[in-house]
Asker: 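The structure is given below, and queries will be raised subsequently.
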Number of protein chains: 2
Amino acid sequence: MIQSPLEMRHLQTLVALADTGSLSKAAERVFVTQSALSHQLKLLESHYGSPLFERGTKPLRFTQAGARLLALAREVRELTSEAEREVAQWVSGGGGQLRVAVECHTCFDWLMPAMDAFREHWPQVELDLVSGFQAEPISLVETGVADFAVVHDRPAPRTGVAMAPLFTYETVAILSRHHPLAQKLWLAPEDFAGETLISYPVDDDMLDVVRHFLAPAGVKPKRRNAELTVAILQLVASGRGIAALPAWSVQAYLERGYVVAKPLGESGLRCELYAAMPESLAEKPYLQDFVAKIREGA
Amino acid sequence: MIQSPLEMRHLQTLVALADTGSLSKAAERVFVTQSALSHQLKLLESHYGSPLFERGTKPLRFTQAGARLLALAREVRELTSEAEREVAQWVSGGGGQLRVAVECHTCFDWLMPAMDAFREHWPQVELDLVSGFQAEPISLVETGVADFAVVHDRPAPRTGVAMAPLFTYETVAILSRHHPLAQKLWLAPEDFAGETLISYPVDDDMLDVVRHFLAPAGVKPKRRNAELTVAILQLVASGRGIAALPAWSVQAYLERGYVVAKPLGESGLRCELYAAMPESLAEKPYLQDFVAKIREGA
DNA sequence: ACTGGATCATGAATTTCTCTCAATAAAACC
DNA sequence: GGTTTTATTGAGAGAAATTCATGATCCAGT
């Protein structure tokens, strides 16, 4: 075997690179700086004596060598996580439960795949959804009613509750293609005055737009509710108002030109999602794996 | 995927552990201290919450968890070296030659398997043996006649020649079971006075025993030669004299009780083997792989 | 049971590495 | 062409693994 500088972190980097298509996105995904990845890759490339991907293309294209190592990375990751799951299940006796509390509707878009994958990999862990959309899902964790809560922004630390960053996303304004505001490059809070905000039937302070964008500016548009994302988009498309949703949840509709998306504010509205877990369980392999699955979007 | 502390070095450790059956031997194999491995394993075990092997058994026995991770390690190592070979062959264009020079007879015991494995993995590299047993194989490298030389002890650095440690071994005295000296726990140089030393037909200073054991004590026993290891053992078994050979080269005969082995000196005579390569080629993947194959004994 | 030798564990110090930071360079996008 | 994103580079900080020195443990042989 060749003594190689190839480490697990490099494999993670390669996979993230392939998944995100860019150095900076990949860096975000693995929670390091772009600089770190640049260093990593420079080292790898100098060792193999060949570039691993072409820079300056979007998305980046792997070279033959890069593609081969990427394939290796995927194989190794798969094997590794499988082995570690097995070991973890033997050690823990296989039991456990995972009661998930969610405060936002759109979260289900990415929660479902993660839960599906989880059920398959941890058949012995009881997976439940704590029903209803609690205003304070974190308190459900605190009181022992839930084992996992998805919360917005970095929450204040609470004793007995461990926090872990999940990922960040941008929430964008969704408008009909014919809406007058669709001409602008980005929307200001004032643009919402006099408009109708179409959203899920939840409290004001649970909406990213309101909490971080409209409320600080003192703007309070009319509200209209819909339960489902598609329903919201229907209303938007027919000019009944503006919505504000996570960019990824409307990706498919945007590509079809069904509606258009505009950044909220000049630099967009970025939101962070965190997981809250009981400190006593936070180290459990199945919980860590659940977090990892969410981060990977699978 | 579970965020794990599992690194390539841990996998190497596990494999070495399984191959050698002991912490300290494994440490030698991967060129670190026993302490380092102890720390490594402690960390791993605390992470997985379970011991990975039973201590105090010889050879050590892996637990279920340990065995699973060992299996993972073997898979990953195999995949990794395969991928890296492919990449290296693309990058280098696949060419190259490897002319091997050897100064000792017994070296062939472990050189053959390594060369066989090499031929299979690097079909495009011309593998040759520089014939004859040179007194100074290292000079063959210096003069560009060979690309790889096996040498004893740490040689003096020469410009243009890179050195890499291969492994260490113990050379032991081989005696007939009925030899008077067979009663002793270990042999002193003086014990050889008046005895016949049976060895390969090479110069004195190419024999570990003479160079590091007898010569320093001023003992010069009679010499008798044989070309093959089996022939030497025949002579020893029939009481014609004493031999001194690497422990591993006579393993099989010792187990059958054919002859007996005694340490040379109270703490045994340990010898180091090094590889000498042209500096210009030392970084070539195929050379590094060849070194690695030798170290692994495959 | 006791001693000797080997194997392994532990704690502090050191070395080694990776990462971050900050500034620079390059590119893309209007 | 200026402006904003995106990537590279070098230096410094911080963390982590290794080594060193020592102590504990275990097995063999008397």
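Numbered from 1 within each chain, the chains take letters A, B, ... in sequence-line order.
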Asker: Sequence neighbours left out, what passes ring pair (Phe, Tyr, Trp, His ring centres under 6.0 Å) with B:Y48? Give chain and number order.
Answerer: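 Result, ring pair (Phe, Tyr, Trp, His ring centres under 6.0 Å) vs B:Y48: none returned.
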
Asker: Using whole Å, report how far CG of A:L6 lies from P of C:dC17.
Answerer: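 About 16 Å, once rounded to whole Å.
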
Asker: If the cut-off is 4.0 Å, is B:S22 near the phosphate of C:dC8, judged by side-chain N/O to OP1 or OP2?
Answerer: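 True: B:S22 side-chain N/O within range (under 4.0 Å) of C:dC8 OP1/OP2.
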
Asker: Describe the nucleic acid contact of B:S38 in one word from base, sugar-phosphate, nothing, applying a heavy-atom distance below 4.0 Å.
Answerer: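 Since a base atom lies under 4.0 Å of B:S38, the category is base.
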
Asker: Under 3.5 Å between N/O atoms: give me all the protein pairs with nucleotides 15-22 of chain D, atom names plus distance.
Answerer:
from	atom 1	to	atom 2	distance (Å)
D:dT18	OP1	B:Q40	NE2	3.2
D:dT18	OP2	B:Q40	NE2	3.4
D:dT19	OP2	B:T33	N	2.7
D:dT19	OP2	B:T33	OG1	2.6
D:dT19	O4	B:H39	NE2	3.4
D:dC20	N4	B:S35	OG	2.6

Asker: Using the 3.5 Å cut-off, write out each protein N or O paired with an N or O of nucleotides 27-30 of chain C and the distance between them.
Answerer:
from	atom 1	to	atom 2	distance (Å)
C:dA28	OP1	A:G56	O	3.4

Asker: Nearest of D:dT9, D:dA7, C:dC8 to any side-chain atom of A:K42?
Answerer: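 Nearest to the side chain of A:K42 among the choices is D:dT9.
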
Asker: Please list all pairs passing the salt bridge (charged side-chain N to carboxylate O under 4.0 Å, His left out) test where one or both residues lie in residues 165-187 of chain A, with sequence neighbours left out.
Answerer: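 Residue pairs passing salt bridge (charged side-chain N to carboxylate O under 4.0 Å, His left out), neighbours aside: A:K184-A:D191.
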
Asker: Check side-chain hydrogen bond (donor to acceptor under 3.5 Å, both in side chains) between B:E190 and all other residues, then give those that pass, not counting sequence neighbours.
Answerer: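 So B:E190 forms no side-chain hydrogen bond (donor to acceptor under 3.5 Å, both in side chains) with any residue.
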
Asker: What is the ring orientation for A:Y253 with A:Y258, classed by angle as parallel under 30°, tilted 30 to 60°, or perpendicular over 60°?
Answerer: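 A:Y253 and A:Y258: tilted rings.
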
Asker: Can you list everything that forms a ring pair (Phe, Tyr, Trp, His ring centres under 6.0 Å) with B:F167? Sequence neighbours excluded, please.
Answerer: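 Partners of B:F167 under the ring pair (Phe, Tyr, Trp, His ring centres under 6.0 Å) test: B:W110.
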
Asker: So with a 6.0 Å cut-off around NZ of A:K262, is the heavy-atom count from everything else above 12?
Answerer: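 Enclosed: over 12 neighbouring heavy atoms sit under 6.0 Å from NZ of A:K262.
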
